[in-house]
Peer 1: 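Dropping the structure in here first, questions after.
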Amino acid sequence: MKSALYLYNTLTRKKELFEPLSPPFAGMYVCGPTVYSETHLGHARPAVTFDTLYRYLMHLGYSVRYVRNITDVGHLENEEDDTGEDKISRKARQENLEPMEVVQKYMNSYHRTMERLNTLPPSIEPRATGHILEQQQMTERILEKGYAYEVNGSVYFDVEKYAREHHYGILSGRVLEEMRANSRALEGQDEKRGPFDFALWKKASPGHIMKWPSPWSEGFPGWHLECSVMSTRYLGETFDIHGGGMDLIFPHHECEIAQSTVSQGHPPVRYWVHNNMVTINGQKMARSLGNFITLDELFTGSHKLLVQAYSPMTIRFFMLQAQYRSTLDFSNEALLAASLGMQKLMNAERTLANLVPSETSSVDVSGMEKGCYDAMNDDLNTPVALAHLFDAVRIINLVSDGKERLTADDITALQRLFSTFVHDIFGLKAEESAGNEKLAGVLTLLLDMRQEAKARKEWEVSDRIRNRLSELGITVKDRKDGYDWEIST
RNA sequence: GGUCGGUUGGCCGAGUGGUUAGGCAUCGGUCUGCAAAACCGGGUACGGCGGUUCGAAUCCGCCACCGACCUCCA
């Protein structure tokens, strides 16, 4: 039951049983960010999606090597008009920094943000600039095989030639002839023989800062090359899972397939997994569209579209409420709902810890675990798994209210369910409370005194305490046999 | 223009032939000194038109609208 995981493979357009090449090992490569500006909500989607997949694979017992790269060179700002400027070089010029300062700054910021989202660090996080030599070697190999050509110190992949012998478009469903017929005029740019050829190596223009010597010129590697090189280097010539955003299917992943197929004689990846986009007002959220909200802005509420701050775990829960291949639309209403829903889930877990066991159970808790596994095995259907967890929430609250009963064994089973799915797999954790032990002590003192006031029916005193605390963001919940309190984040 | 995907109740979002998805919001009730929390119950749905079927949100056709990609993007 546990191990029958089905994943949607973009390559075959079907859900396929996941069977790694060499169990118990599983390899996964995911395209990471180009580190030239702040991390935004869109970046959280693949991060959370593949973190969840990583966690689930480990839970199923696989030894997973999870590789996620950092693109720190070679991502051109605008290839089409041939300004040919590297995103990072450009930012460095704008901010008057060394390119590596730009890289470091935004990489640090990315890591901080990922940590707050409680995504596990990848097993290896390689950087393009650390693999210049291998990228040159792969370029050479492709040249030797005759699928690339050099012009003025730059080397391009010969898509036309490749497409005569291989299926260029196998991943994206694109047909070269149709692309030719429908592409916009690409004139005057170029050194390229064919309009769809892409750079393996780019000669640096005068003044370009990030460049390395090579057999062809002082220059830098093309964007698509780094992922082929680093995935092969750390996962082998054939590996299990390659992940990334759907917007990378073409050309990026299509080009990776072409490069590796030529270089090693066979395709590199067995399961291509792609997450869908986060949208805002129905449109993709992207840096280039200028409609993005950074994760820091979400965490602090400092963006004009935000009516309040949303915690990292709210963002994570928000992502999990949708299946990863669906678009997910941003709105304050949706995030607020996620925030409240998550609090309900987390509160139930605390309630669970205090349940008093009975001799017999009056409800059946056996189906929920299976429901969660079935949902996860069905291409990571996290929203359905969450629905099962909310079934458990209802039961926990009923038992807490004394309306149903659970045995100690069943309570333990529920605790295991929460521990496994909420924490281990979904990566949700209790928010860092705004309080600390001293605050907790003060609150206990104050609320004990309020209980005593209530016992004396001094409602003015008890209400005053409750209202003042409420103003401070501390909610008091009276119970039959005491009280509970909660600090809103 | 081409390729692919989508259109589910106030909002988000599951669901591929018949059975309550779930969360949030809303209404009524229970509990409570009053609230809050929790629980119970209710209402609101499958873009339009046609077809297949005993039966369709789910299959087929046509139409409308939206989005992604078509070498900047997670």
Side-chain angles (χ1 to χ4, degrees), chain A residues 13 30-34 39-47 49-50 75-80 87 159 169 172-175 177-179 181-184 186 195-199 222-224 243-252 254-255 274-279 282-289 292 317-318 321-323 325-342 344-345 347-348 351 375 381-391 393-394 396-398 400-404 454 457 459 462-463 466-467 470 475-480 483-484 486:
Chain A
R13 292 169 183 78
V30 176
C31 288
T34 302
T39 310
H40 63 76
L41 184 58
H43 292 110
R45 193 85 195 268
T49 297
F50 293 104
H75 209 149
L76 300 185
E77 189 63 37
N78 191 340
E79 280 193 77
E80 200 161 305
K87 283 172 179 291
V159 171
S172 57
R174 247 149 261 268
V175 179
E177 288 74 45
E178 285 173 0
M179 288 169 63
N182 295 309
S183 71
R184 333 165 185 136
L186 297 162
F196 305 106
D197 295 355
F198 55 90
W223 174 41
H224 310 308
M246 275 185 187
D247 51 349
L248 298 180
I249 292 173
F250 192 90
H252 187 52
E254 197 72 62
C255 292
H274 292 98
N275 64 273
N276 214 321
M277 304 290 103
V278 175
T279 58
Q283 196 179 36
K284 179 170 108 168
M285 182 179 287
R287 283 195 280 232
S288 56
L289 296 172
F292 66 90
F317 187 89
F318 176 60
Q321 274 193 308
Q323 208 270 349
R325 286 190 297 115
S326 306
T327 55
L328 175 59
D329 199 54
F330 160 88
S331 68
N332 278 289
E333 234 180 330
L335 280 171
L336 189 63
S339 165
L340 294 172
M342 193 199 57
K344 185 172 176 179
L345 186 69
N347 288 346
T351 306
N381 198 332
T382 52
V384 167
L386 278 174
H388 288 291
L389 289 174
F390 275 102
D391 283 345
V393 168
R394 210 183 87 255
I396 290 165
N397 286 326
L398 279 169
S400 174
D401 281 4
K403 290 171 183 158
E404 300 284 359
K454 280 178 66 182
K457 299 194 191 303
W459 309 127
S462 70
D463 288 356
R466 185 175 71 196
N467 294 340
S470 171
T475 308
V476 179
K477 301 181 200 173
D478 285 334
R479 305 181 55 87
K480 271 203 174 67
Y483 56 83
D484 203 356
E486 194 179 315

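Worth saying up front: this structure is predicted, and the values here are computed from it rather than measured. Each chain gets a letter, A, B and so on, in the order its sequence line appears, and its residues count up from 1.
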Peer 1: Give the nucleotide from the list B:C70, B:C39, B:G23 with an atom nearest to the side chain of A:Pro251.
Peer 2: B:C70
Peer 1: Please classify the nucleic acid contact of A:Asn467 as base, sugar-phosphate, or nothing, using heavy-atom distances under 4.0 Å.
Peer 2: nothing
Peer 1: From the set B:G23, B:A21, B:C70, return the single nucleotide nearest to any side-chain atom of A:Phe250.
Peer 2: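 So the side chain of A:Phe250 is nearest to B:C70.
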Peer 1: For B:G43, give the paired nucleotide (Watson-Crick: N1-N3 plus N6-O4 or O6-N4; G-U: N1-O2 and O6-N3; both under 3.5 Å), or none.
Peer 2: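 By the stated definition (distances under 3.5 Å), nothing pairs with B:G43.
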Peer 1: Calculate, to the nearest 0.5 Å, the distance between atoms CG and CG belonging to A:Leu328 and A:Asn275 respectively.
Peer 2: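 Between A:Leu328 CG and A:Asn275 CG, I get 10.5 Å after rounding to 0.5 Å.
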Peer 1: Could you measure between the two P atoms, the one in B:C31 and the one in B:G9, and give it in whole Å?
Peer 2: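 Those two atoms are separated by 36 Å.
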Peer 1: Would you please determine if the base of B:G33 is stacked by A:Trp459, with stacking meaning a centroid separation under 5.5 angstrom and planes under 30 degrees?
Peer 2: yes
Peer 1: Have a look at A:Met342 and say if it touches a base, only the backbone sugar-phosphate, or nothing, with a 4.0 Å heavy-atom cut-off.
Peer 2: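 Since no nucleic acid heavy atom lies under 4.0 Å of A:Met342, the category is nothing.
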Peer 1: Is there a Watson-Crick or G-U wobble partner for B:A25 with both distances under 3.5 Å, and if so, which one is it?
Peer 2: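 No nucleotide pairs with B:A25.
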Peer 1: Counting any heavy atom closer than 4.0 Å, what does A:Ser339 reach on the DNA or RNA strands: base, sugar-phosphate only, or nothing?
Peer 2: nothing
Peer 1: May I ask you to say what A:Ala334 touches in the nucleic acid, namely base, sugar-phosphate or nothing, with a heavy-atom cut-off under 4.0 Å?
Peer 2: sugar-phosphate
Peer 1: How about A:Thr279 and A:Asp329: does a side-chain donor come under 3.5 Å of a side-chain acceptor?
Peer 2: yes
Peer 1: Base, sugar-phosphate, or nothing: which does A:Met277 touch, judged by heavy atoms less than 4.0 Å apart?
Peer 2: base
